[in-house]
Amino acid sequence: MSEKVFIFDTTLRDGEQVPGCKLNTKEKLDLALQLEALGVDIIEAGFPISSPGDFESVTQISKAITNATVCGLSRAVQKDIEVAAQALKFAKRPRIHTGIGTSDFHIKSKFNSNREDILARAIQCVKWARNFTDDVEFYAEDAGRTDNDYLARVVEAVIKAGATVVNIPDTTGYCLPYQYGEKIAYLVNNVANIDKAIISCHCHNDLGLATANSIAGVISGARQIECTINGLGERAGNTSLEEVVMVIEQHKHLGFHTGINHKQLYPMSREVSEVMRMPVQPNKAIVGSNAFSHSSGIHQDGFLKDATTYEIINPEQVGAGLSKIVLTARSGRSALAHRLQKIGYQFNRNDIDFLYEKFLQVADKKKEVEEDDLHMLAKAYTPELATH
Ligand code: KIV
Ligand code: ZN
């Protein structure tokens, strides 16, 4: 039996922290409704104490969302938690996400404190939050660089205080996948009450390892992934939702599933890109414009014989339309014949051999040979030319 991995979307909180990605309440509300339709389990709607605008957004999203859990972020500060609870008061399923830095970097440099004091503050913030809701998620900021022994003590104590989800963020994107996986396994094996909470992965992408780390975390026992559409987030971003969802889908042998409607992944990516004015890099996995494009002759020939030779995902599975055969100077004869046929020209092998030479002359001058160029080539051609 496959086990569910909960998808916690933080596009509207961690994603929105990206410079230039700030959204107004209407934009946030529209995206929240689309995230719910996509099938995310938890929507982190914002950080209510951070600004009146964010408070209003969390309030409106709480009113509008019917199925997903709506979550508000806070620091380990009583006022933050009270304000988060107020913004979430209309939510059908409210969650308060509270926590504190647990690495020595944070304890010493940020808080000028010590481990025992931070442990007490962690317990306290969970207790405050539990006064408002039964669904309290605790984050141990910079858990990626936190000593495992101390982290296990903190996690055990916050679960005892009432945390139902324990978030283990690799805030700086520092961990290697095996290290992050071992960290989660350490908690599974050394926290006596770990069965009373869900472990959550929140991995940043500073070394390009966020997706790999999140999957390593799930393999080791985590059952929630925090992620964003297009991997948006602080600095190099967060774990990309579409990537982790499709890793889980493509590797069913791992024994997991999510509730995400895969066909909405591509449209959702485009929507977020547009609203946040943040283009998607063309080679981005799953949702980049080149993710299902084939341009070299060897690949095109194989793909045209059988798509699975060069594609592990059918683009229609993620709502990305059809695969593309792009014509460049690296393309081959079969791709040229295929594209010509698609726009209505049927040529025999001899004709194609001749046309291919002409095609290369155009392709060497241009980055990509377009449909108009193909019409020009085809119309200028008569079979007699090929025999000369
Ligand atoms: O990266 C991080 O540690 C965070 C926490 C606030 C959850 O975003
Ligand atoms: Zn983060």
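Residues: numbered from 1 along the sequence shown. Here the structure is a predicted model, which is why all the values come from computation and not from measurement. Whatever order the structure lists them in is the order used to number ligands and atoms, beginning at 1.
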* **Ionic contact status for Lys183 with Asp170, cut-off 4.0 Å** => no
* To do: Give the name of the N/O/S atom in His204 that lies closest to the Zn ion (ligand 2).
  => NE2
* Going by the order shown, which atoms of ligand 1 are within less than 4.0 Å of some heavy atom of Asn167? -> 7 (C)
* To do: Specify the protein heavy atom at minimum distance from atom 1 (O) of ligand 1: its residue, its atom name, and the distance to 0.1 Å.
  => His204 NE2, 3.0 Å
* Asp14 heavy atoms, cut-off 4.0 Å: which ligand 1 atoms fall inside? -> 8 (O)
* May I ask you to check if Arg95 and Phe8 form a cation-pi contact, with NZ or CZ under 6.0 angstrom from the six-membered ring centre and within 45° of the axis? => no
* Asked: In terms of the angle between their ring planes, are His375 and Tyr345 parallel, tilted or perpendicular, with boundaries placed at 30° and 60°?
  -> perpendicular
* To do: For residues Ile49 and Ser74, determine if any side-chain heavy atom of one lies less than 4.5 Å from a side-chain heavy atom of the other.
  => no
* N/O/S atom name from Asp14 that is nearest to the position of the Zn ion (ligand 2) -> OD2
* Residue portion contacting ligand 1 (non-hydrogen atoms closer than 4.0 Å) for His202 -> side chain
* Which is it for Arg13 and ligand 1 at heavy atoms under 4.0 Å: side chain, backbone, both or neither? -> side chain
* Structure fact -> Heavy-atom nearest pair, Ala45 first then Asp54, reads O-OD1, 4.5 Å
* Would a 4.5 Å heavy-atom cut-off, applied to side chains only, mark Ser289 and Val280 as touching? -> no
* Structure fact -> The atoms of ligand 1 lying under 4.0 Å from a heavy atom of Glu141, numbered in the order shown, are 3 (O)
* To do: Indicate the ring-plane relationship of Tyr356 and Phe359, choosing parallel, tilted or perpendicular according to the 30° and 60° boundaries.
  => parallel
* Asked: Going by distance only, is there an N or O of Thr171 that falls short of 3.5 Å from an N or O of ligand 1?
  -> yes
